[in-house]
Participant: 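Below: one structure in C-alpha cells.
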Amino acid sequence: MFEIDFKFEDPFMLESGEEIRPLDLRCTIYGTLNADRSNAVLVFHALTGSSRIAEWWSDILGEELGLDTSKYAFVCVNYLGSCYGSTSAELLSKRANSRKKRLPVITARDIVRTNFKLLEYLGIKKLKALVGGSVGGMLALQFAADHPEYAEKCVAIGATPLSSMGLALNHLQRQALRVNDIEMARKIAMISYKSAEFFDSRFSRNPNRNDESPASDHDCRFDVAGYLDYQGDIFNRRFDSESYKLITKVMDLFELSDDEIGRIRAEVSLIGISSDWLFPAQDVEKFDKKLCSFGVSSNFIKLESDDGHDAFLSDPEKMNEILNGVIGEKLRAGQGI
C-alpha cells in the first residue's frame, strides 16, 4: 500500500460555478504501477468509505482475488467533501468563494474531475477498468461518460439513478442531520442497506443481547433494535455529518443524460443484487437495457444474495467470482452468480 496526499493550489471550479482553493486529495495505491502505467484500475469507494480499499474490501483485494494486486495497481481517491483526507465538507464551506460560506453543492461530475486531475498528475493515461459499488458505481459510470476513451471497462455494482424511494430515504437522513442526529440518519441507512431476509435470519424476534433488562425499555427490547443502536453509535464516532449531507446529495443528483450515455465507450458490467431494495436488481437490469439501446456494450449480472445492498461488501466469495470474471473476461453475457 502506498498512500499519498496532494494539494492543488490552482482554483478548482465546481459545476455550480463556485471555486475551491486549495484542493486536497488523498490517494491510496495497492499493487505496483508498471513502467508505462497502463495497468491501473480506478476504484470508487462507497458513501462512508475511504481511499484505503483494504479497510472495507479486504477479502476482495489481494493476489488472485477479485482485485488482483499481482496483475494490476488499484488506485482509490477519497471523495471531495469526505472526511478521510481530501478537502472535507467543513473545509469546503470555508474555502468556497460563496459569500455566505455555506456548504456548496457537489456533483458526481465534480468528484470525477478530481479523480481525473489526480490520474493526470500520476501520469496514468489509460485505465484497465473502473470499479465501484453504490455511489461508487454511480461515479464509475459518470467517469465512463465524461472520459469515454480513458477506461476499457466499467463495473458498477448496485448503482442506478436513485428511485423515489431512495430519494425519500436520503431526505429523511438529512432531516435527522438537521437536528444533529447522525445516529438516526445511520439507522435509517442501515435498514436500506440490508434486506428483510437478512433481518429475519439474523435477528427474528430475539431479545436484545446487549440489554441486561430488556423489559425496561420497550423500544430496545429486541435484538434488531440493539443492532441499529450499535451501528448508530459507532458511526457517530467515525464520520462527519456535513460530509454525510454532501455525499447523499451527490447520490440524489446523479443521472446520466441520453447524450452522456451515448458517449460511453467502455465495456460496462452492471451488477444487480437480488435482495437489494435500495437499488433493486430489476432497476439495474432496466438501466442495462437502456445503455444497450444507446449502443453501449453493457452486460447485466445478477448476484444472488439475501444480504441486501450490502452484499457487495459482505459476500466476498461471489464478488471475487464476479470481478475475476469481468476483469478477467471469464463470464458469459447475462450470467448470474
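Residue numbers start at 1 and run along the sequence shown. All values below were derived from every heavy atom in this structure, side-chain atoms included, with hydrogens, water molecules and symmetry-related copies excluded.
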Participant: Can you confirm whether more than 12 heavy atoms, excluding those of E90, are under 6.0 Å from its CD atom?
Facilitator: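 No, not enclosed.
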
Participant: Check whether the side chains of S192 and H309 place a donor and an acceptor atom closer than 3.5 Å, and report yes or no.
Facilitator: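 There is no such pair between these side chains.
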
Participant: Is it the case that the side chain of R265 and the backbone of G262 share a donor-acceptor pair, with hydrogens and angles ignored and the cut-off at 3.5 Å?
Facilitator: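 Such a contact is found between R265 side chain and G262 backbone.
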
Participant: Does one hydrophobic cluster hold both M190 and L167, with members joined at side-chain heavy-atom distances below 4.5 Å?
Facilitator: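 Yes: a chain of side-chain contacts under 4.5 Å links M190 to L167.
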
Participant: When you look at CE of M1, are more than 12 heavy atoms from neighbouring residues, nucleotides or ligands closer to it than 6.0 Å?
Facilitator: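 Above 12, so yes.
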
Participant: Spell out, as yes or no, whether a donor-acceptor pair under 3.5 Å connects the side chain of K7 to the backbone of P22.
Facilitator: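 The answer is no, because no donor-acceptor pair under 3.5 Å joins these two groups.
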
Participant: Do E260 and D146 come close enough that some side-chain heavy atom pair is under 4.5 Å?
Facilitator: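 Yes, close enough: below the 4.5 Å cut-off.
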
Participant: Could you walk me through whether D310 and S314 pass the side-chain hydrogen bond (donor to acceptor under 3.5 Å, both in side chains) check?
Facilitator: CA-CA 6 Å; D310 264 358; S314 62; over 6 Å; no

Participant: Are more than 12 heavy atoms from other residues, nucleotides or ligands located less than 6.0 Å from atom CD of E3?
Facilitator: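 More than 12 within 6.0 Å, yes.
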
Participant: How long is the span from the CE atom in M319 to the CG atom in L65, to the nearest 0.5 Å?
Facilitator: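 If we round to the nearest 0.5 Å, M319:CE and L65:CG are 12.0 Å apart.
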
Participant: For the atom pair CZ (F235) and CZ (R186), what is the distance rounded to the nearest 0.5 Å?
Facilitator: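 Output value for this atom pair is 4.5 Å.
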
Participant: Could you check whether the rings of F198 and F203 sit parallel, tilted or perpendicular, using 30° and 60° as the cut-offs?
Facilitator: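 Because their plane-to-plane angle is over 60°, the rings of F198 and F203 count as perpendicular.
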
Participant: Between T87 (side chain only) and L80 (backbone N and O only), is there a donor and an acceptor less than 3.5 Å apart?
Facilitator: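 No; judged by distance alone, with no hydrogens or angles, the pair does not exist.
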
Participant: Between atom CD1 of I60 and atom CG of N320, what is the distance when rounded to the nearest 0.5 Å?
Facilitator: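 If I round to the nearest 0.5 Å, the distance is 4.0 Å.
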
Participant: What's the separation between atom SG in C154 and atom CG in L42, rounded to the nearest 0.5 Å?
Facilitator: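 Result: 10.0 Å between the selected atoms.
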
Participant: Answer yes or no: is there a donor N or O on one side and an acceptor on the other, between the side chain of N78 and the main chain of S86, under 3.5 Å?
Facilitator: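 It does hold such a pair.
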
Participant: When you compare the side chain of Q173 with that of Y244, does any pair of heavy atoms fall below 4.5 Å?
Facilitator: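 Yes. Closest side-chain heavy atoms under 4.5 Å.
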
Participant: Hey, are R237 and D233 close enough for a salt bridge, meaning a charged N less than 4.0 Å from a carboxylate O?
Facilitator: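 D233 and R237: salt-bridged.
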
Participant: Hydrophobic clusters here meaning ILVMFWY residues chained together by side-chain heavy-atom distances under 4.5 Å, can you tell me if L47 and I191 are in one?
Facilitator: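 Result: yes, single cluster for both.
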
Participant: Please step through side chain to side chain contact (heavy atoms under 4.5 Å, CB included) for the pair K71 and I327, ending with a clear verdict.
Facilitator: CA-CA 11 Å; K71 297 179 180 178; I327 298 175; over 6 Å; no

Participant: Verify the cluster assignment for I261 and L253: are they in a single hydrophobic cluster under the rule of side-chain heavy atoms below 4.5 Å apart?
Facilitator: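 No: no chain of side-chain contacts under 4.5 Å links I261 to L253.
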
Participant: Taking all atoms of both residues into account, what is the closest heavy-atom pair of A145 and L256, and its distance?
Facilitator: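 Closest approach of A145 to L256, heavy atoms only: CB-CD2, 4.2 Å.
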
Participant: Taking all heavy atoms of T114 and all of L25, pick out the closest pair and write down the distance.
Facilitator: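 Taking every non-hydrogen atom into account, O-CD1, 3.5 Å.
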
Participant: For D306, is there any backbone N or O sitting under 3.5 Å from a side-chain donor or acceptor partner on S195?
Facilitator: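 Yes, S195 side chain to D306 backbone: donor-acceptor pair under 3.5 Å.
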
Participant: Should N208 and R221 count as side-chain neighbours, where that means a heavy-atom distance under 4.5 Å?
Facilitator: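 N208 does not reach R221 side chain to side chain.
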
Participant: Please collect all salt bridge (Lys or Arg N to Asp or Glu O under 4.0 Å) contacts where either partner lies in residues 283-297, sequence neighbours excluded, each pair once.
Facilitator: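 For residues 283-297, and leaving out neighbouring residues, the salt bridge (Lys or Arg N to Asp or Glu O under 4.0 Å) pairs sorted by first residue read D258-K290.
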
Participant: Do F312 and S134 touch side chain to side chain, with heavy atoms closer than 4.5 Å?
Facilitator: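 Yes - at least one pair of side-chain heavy atoms lies under 4.5 Å apart.
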
Participant: Keeping the roles fixed (side chain from D59, backbone from E317), state whether a donor-acceptor pair exists under 3.5 Å.
Facilitator: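 No: the side chain of D59 does not pair with the backbone of E317.
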
Participant: If every non-hydrogen atom of I271 is compared with every non-hydrogen atom of V155, which pair is closest and at what distance?
Facilitator: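 In this case the closest contact between I271 and V155 is CG1-CG1, 4.2 Å.
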
Participant: State the CG-CH2 distance between L169 and W277, to the nearest 0.5 angstrom.
Facilitator: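 Interatomic distance, L169 CG to W277 CH2, rounded to 0.5 Å: 5.0 Å.
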
Participant: Which heavy atom of D68 sits nearest to which heavy atom of S70, and what is that distance?
Facilitator: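 So the two residues come closest at OD1-OG, 2.5 Å.
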
Participant: Strictly distance-based, threshold 3.5 Å: is any side-chain N or O of S274 a donor or acceptor partner for the main-chain N or O of S305?
Facilitator: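 At least one qualifying donor-acceptor pair exists.
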
Participant: Within a radius of less than 6.0 Å around CZ of R238, do more than 12 heavy atoms belonging to other residues, nucleotides or ligands occur?
Facilitator: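 Enclosed: over 12 neighbouring heavy atoms sit under 6.0 Å from CZ of R238.
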
Participant: For E15, is there any backbone N or O sitting under 3.5 Å from a side-chain donor or acceptor partner on D110?
Facilitator: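 Yes: the side chain of D110 pairs with the backbone of E15.
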
Participant: Any non-hydrogen side-chain atom of V224 less than 4.5 Å from a side-chain atom of R205?
Facilitator: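 No, side chains not in contact.
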
Participant: Taking the side chain as every heavy atom from C-beta outward, state whether F279 and I273 have any atom pair closer than 4.5 Å.
Facilitator: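 Result no, sub-4.5 Å side-chain heavy-atom pair not found.
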
Participant: Is it true that E197 and S275 share a donor-acceptor pair across their side chains at a distance under 3.5 Å?
Facilitator: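 Per modelled atom types, S275 and E197 side chains form no pair under 3.5 Å.
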
Participant: With a 4.5 Å heavy-atom cut-off, do I301 and V326 have their side chains touching?
Facilitator: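 Yes. Closest side-chain heavy atoms under 4.5 Å.
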
Participant: Take a 6.0 Å sphere around CD of E64 and say whether it holds more than 12 heavy atoms from other residues, nucleotides or ligands.
Facilitator: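 For E64, atom CD is not crowded (no more than 12 foreign heavy atoms under 6.0 Å).
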
Participant: Say whether V75 and I4 are linked into one hydrophobic cluster, either directly or through other cluster members, by side-chain heavy-atom distances under 4.5 angstrom.
Facilitator: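 Cluster IDs for V75 and I4 match.
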
Participant: Taking NZ in K126 as the centre, count heavy atoms belonging to other residues, nucleotides or ligands within less than 6.0 Å. Is the count above 12?
Facilitator: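 Check passes, neighbour count above 12.
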
Participant: When you measure from the side chain of S51 to the backbone N and O of V77, does any donor-acceptor pair fall under 3.5 Å?
Facilitator: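 Checked: no pair found.
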
Participant: Mark yes or no for whether T248, through its side chain, and K245, through its backbone, hold a donor-acceptor pair below 3.5 Å.
Facilitator: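 The answer is yes, because a donor-acceptor pair under 3.5 Å joins these two groups.
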
Participant: Side-chain heavy atoms nearer than 4.5 Å, only ILVMFWY residues, links allowed to pass through others: does that put V105 and F12 together?
Facilitator: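 No.
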
Participant: Applying ring pair (Phe, Tyr, Trp, His ring centres under 6.0 Å) as the test, list every pair that has at least one member in residues 15-74; sequence neighbours left out.
Facilitator: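 Those involving residues 15-74 are H45-Y79.
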
Participant: Measure the shortest side-chain to side-chain distance between V284 and D276 over non-hydrogen atoms and say whether it is less than 4.5 angstrom.
Facilitator: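 Answer no - side chains too far apart.
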
Participant: For a quick test of reading the model, state the closest non-hydrogen atom pair linking G137 to A156 and the distance between them.
Facilitator: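 Minimum heavy-atom contact is O-CB, 3.7 Å.
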
Participant: Could you give me the CA-CA distance, side-chain angles and deciding distance for T69 and L61, then say whether side chain to side chain contact (heavy atoms under 4.5 Å, CB included) is met?
Facilitator: CA-CA 7 Å; T69 51; L61 180 73; 3.7 Å; yes

Participant: Can you see which heavy atom on M138 is nearest to which on F254, and at what distance?
Facilitator: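 In this case the closest contact between M138 and F254 is O-CE1, 3.3 Å.
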
Participant: How long is the span from the OG atom in S38 to the NZ atom in K128, to the nearest 0.5 Å?
Facilitator: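 Here the interatomic distance stands at 7.0 Å.
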
Participant: Going through the checks in order, is the side chain to side chain contact (heavy atoms under 4.5 Å, CB included) test met by T107 and V250?
Facilitator: CA-CA 5 Å; T107 67; V250 171; over 6 Å; no

Participant: Just do the side chain to side chain contact (heavy atoms under 4.5 Å, CB included) check on V179 and M184 with the steps written out, would you?
Facilitator: CA-CA 10 Å; V179 293; M184 181 57 69; over 6 Å; no

Participant: What's the verdict on salt bridge (charged side-chain N to carboxylate O under 4.0 Å, His left out) for K318 and D307, showing C-alpha distance, side-chain angles and the deciding distance?
Facilitator: CA-CA 12 Å; K318 291 180 179 176; D307 283 2; over 6 Å; no

Participant: So that I can tick it off, tell me whether D252 and R174 are bridged by a salt bridge, with the cut-off set at under 4.0 angstrom between side-chain N and carboxylate O.
Facilitator: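 D252 and R174: salt-bridged.
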
